[in-house]
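Numbering of ligands and ligand atoms starts at 1, following listing order.
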Amino acid sequence: MSEPTRDQYTFTDPSKLYADSDPKRQHQPEPGLEAKLDPKPDLGEETYRGTGRLQGRKALVTGADSGIGAATVIAFAREGADVVMAYLPEEESDAQRIASIAQDAGVQVFTIPGDLREAEYCRDLVARAAESLGGLDLVVNNGGKQVYVEEITELDDEQFDDTFKTNVYAMFWITKAAVPHLRPGSTIINTTSIQAYEPSPILVDYASTKATINAFTKAIAQQLAPKGIRVNAVAPGPVWTVLQVTDGQPPEKLDEFGEDTPLGRMGQPAELAPAFVFLASAESSYVIGETLGVTGGKVTP
Ligand code: NAD
Ligand code: MG
């Protein structure tokens with residue numbers, strides 16, 4: 001008899017889930033390729049089961065080639081949404097793998113690579129996404145930069161600027177360009193972090209952007225609610241992605257990555273995707289300006 005396949009609804013002990021996936025010390029230059037990450041993160045390729053929760057939706061996801069964004073693309077596609085994927089050109093191979101998995105769900109998938117630090121790209125991305133999809137009603141601002149620096153005297157202006165451009169300015173440019181396309185019922189989801197509340201001493205620039213994303217989300221959510229557009233955020237805890245091995249953490253810290261959570265383990269991107277699906281779909285109609293923590297039990301305000 002063959003093993004029954006697990007999906008995201010299978011009753012499971014979360015403290016035992018992914019027990020066979022241990023983080024390993026490794027390093028790649030930014031932005032890194034998920035194909036080279038060891039062990040491979042679970043993006044829900046084998047497990048995410050869609051039930052039509054986003055049927056006919058038209059989604060734009062940034063940072064869509066890998067990690068949390070890629071797991072979200074797979075979930076959105078299996079829930080019935082057409083998707084535009086944004087990512088850096090050097091991530092094309094990761095992106096093509098995800099696009100192909102998403103297309104297997106029978107939806108339309110478009111790829112529009114570029115650099116989120118450039119306002120022109122962000123504005124053009126939204127225009128081209130709306131054109132390709134024949135409209136736009138779901139935006140996920142998820143692309144992000146995280147590079148640790150031990151001392152503020154070593155944190156150069158260029159990095160500070162890049163981190164804010166990627167994590168904050170791009171969200172502003174994309175949201176501003178998207179709003180004219182968004183009909184009532186549309187949703188925007190921003191990826192923030194546990195770092196917004198529990199900032200690490202070596203992530204001064206990154207943690208600051210994540211607190212900004214929370215404030216931006218709560219402000220714009222109130223502004224757009226009367227137009228029928230809902231804005232929310234997801235705050236991941238420690239999740240196994242290529243971000244962590246491209247100087248997101250010092251390599252020696254990777255050994256115990258996630259062990260300080262109440263669950264005692266790191267999270268997998270597949271465990272984040274359902275939070276995005278919930279906030280994207282109409283089932284969360286009364287949820288506005290909320291940051292949904294998916295942290296393995298790390299306490300958020
Ligand atoms: P990831 O590296 O797989 O995804 C980040 C993506 O951001 C990259 O794939 C890349 O496409 C995109 N990106 C970065 N710089 C860019 C630029 N200049 N232009 C265009 N795209 C750019 O890692 P992830 O962990 O899945 O990260 C996704 C989001 O989750 C980020 O916002 C990150 O801050 C957030 N987050 C991650 C964790 C974690 O533990 N992994 C925890 C909290 C929050
Ligand atoms: Mg990537």
Side-chain angles (χ1 to χ4, degrees), residues 23 28-37 40-43 61-73 85-98 111-119 121-122 125 140-148 159 161-171 173-174 189-200 203 205-214 233-249 253-254 257-258 261 266-273 275-276 291-296 298 300:
Q28 288 186 47
E30 259 190 298
L33 283 181
E34 191 160 77
K36 295 185 187 159
L37 192 61
K40 292 272 173 300
D42 181 14
L43 306 183
V61 181
T62 68
D65 61 296
S66 57
I68 295 164
T72 298
V73 168
M85 298 173 55
Y87 51 88
L88 282 164
E90 50 271 45
E91 300 175 301
E92 188 63 35
S93 56
D94 275 353
Q96 286 305 326
R97 185 180 87 88
I98 301 308
T111 55
I112 308 182
D115 192 333
L116 288 173
R117 293 170 297 183
E118 293 167 9
Y121 165 70
C122 291
L125 170 65
V140 179
N141 289 302
N142 166 79
K145 176 186 173 73
Q146 173 184 333
V147 173
Y148 81 94
Q159 169 164 334
D161 201 41
D162 277 353
T163 307
F164 269 83
K165 287 264 165 58
T166 310
N167 300 4
V168 175
Y169 279 66
M171 171 183 66
W173 292 323
I174 288 171
I189 308 166
N190 300 322
T191 304
T192 174
S193 170
I194 185 74
Q195 286 288 326
Y197 317 114
E198 222 179 63
S200 298
L203 293 175
D205 53 337
Y206 177 80
S208 303
T209 66
K210 293 298 171 176
T212 303
I213 292 168
N214 264 344
V234 174
V239 181
W240 185 240
T241 68
V242 75
L243 190 80
Q244 303 298 345
V245 310
T246 50
D247 293 316
Q249 303 285 334
K253 285 218 172 166
L254 291 173
F257 185 63
T261 62
M266 60 188 183
Q268 294 290 333
E271 297 181 280
L272 271 294
F276 287 87
T291 301
L292 178 45
V294 186
T295 64
K298 272 181 168 282
T300 62

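Closest to the Mg ion (ligand 2) among the N, O or S atoms of Asp65 is OD2. The closest approach of Glu91 to the Mg ion (ligand 2), by N/O/S atoms, is made by OE2.
Not counting sequence neighbours, Thr241 has no partner by the side-chain hydrogen bond (donor to acceptor under 3.5 Å, both in side chains) test.
Atom 18 (N) of ligand 1 has its nearest heavy-atom neighbour, among Asp65, Asp115, Thr246, in Asp115.
In this structure, Gly237 counts as a contact residue of ligand 1, since one of its heavy atoms falls inside 4.0 Å of the ligand. Using a 4.0 Å heavy-atom cutoff, Trp240 is absent from the residues neighbouring ligand 1. Contact annotation: Ala235 has no heavy atom less than 4.0 Å from any atom of ligand 1. For Thr192, the heavy-atom gap to ligand 1 drops under 4.0 angstrom.
Looking at ligand 1, you won't find any N or O of Glu34 less than 3.5 Å from one of its N or O atoms. Note: no N/O pair closer than 3.5 Å links Gln146 and ligand 1 by distance alone.
Heavy-atom contacts from other residues, nucleotides or ligands closer than 6.0 Å to OH of Tyr169 number 12 or fewer.
The distance from the NZ atom of Lys145 to the CG atom of Leu116 is 12.0 Å, given to the nearest 0.5 Å.
Under 4.0 angstrom from ligand 1, the non-hydrogen atoms of Thr166 all belong to its side chain. Proximity of Pro238 to ligand 1, defined as any heavy-atom pair under 4.0 Å, is confined to the backbone N, CA, C and O atoms.
Among the atoms of Ser66, an N, O or S atom falls under 2.8 Å of the Mg ion (ligand 2).
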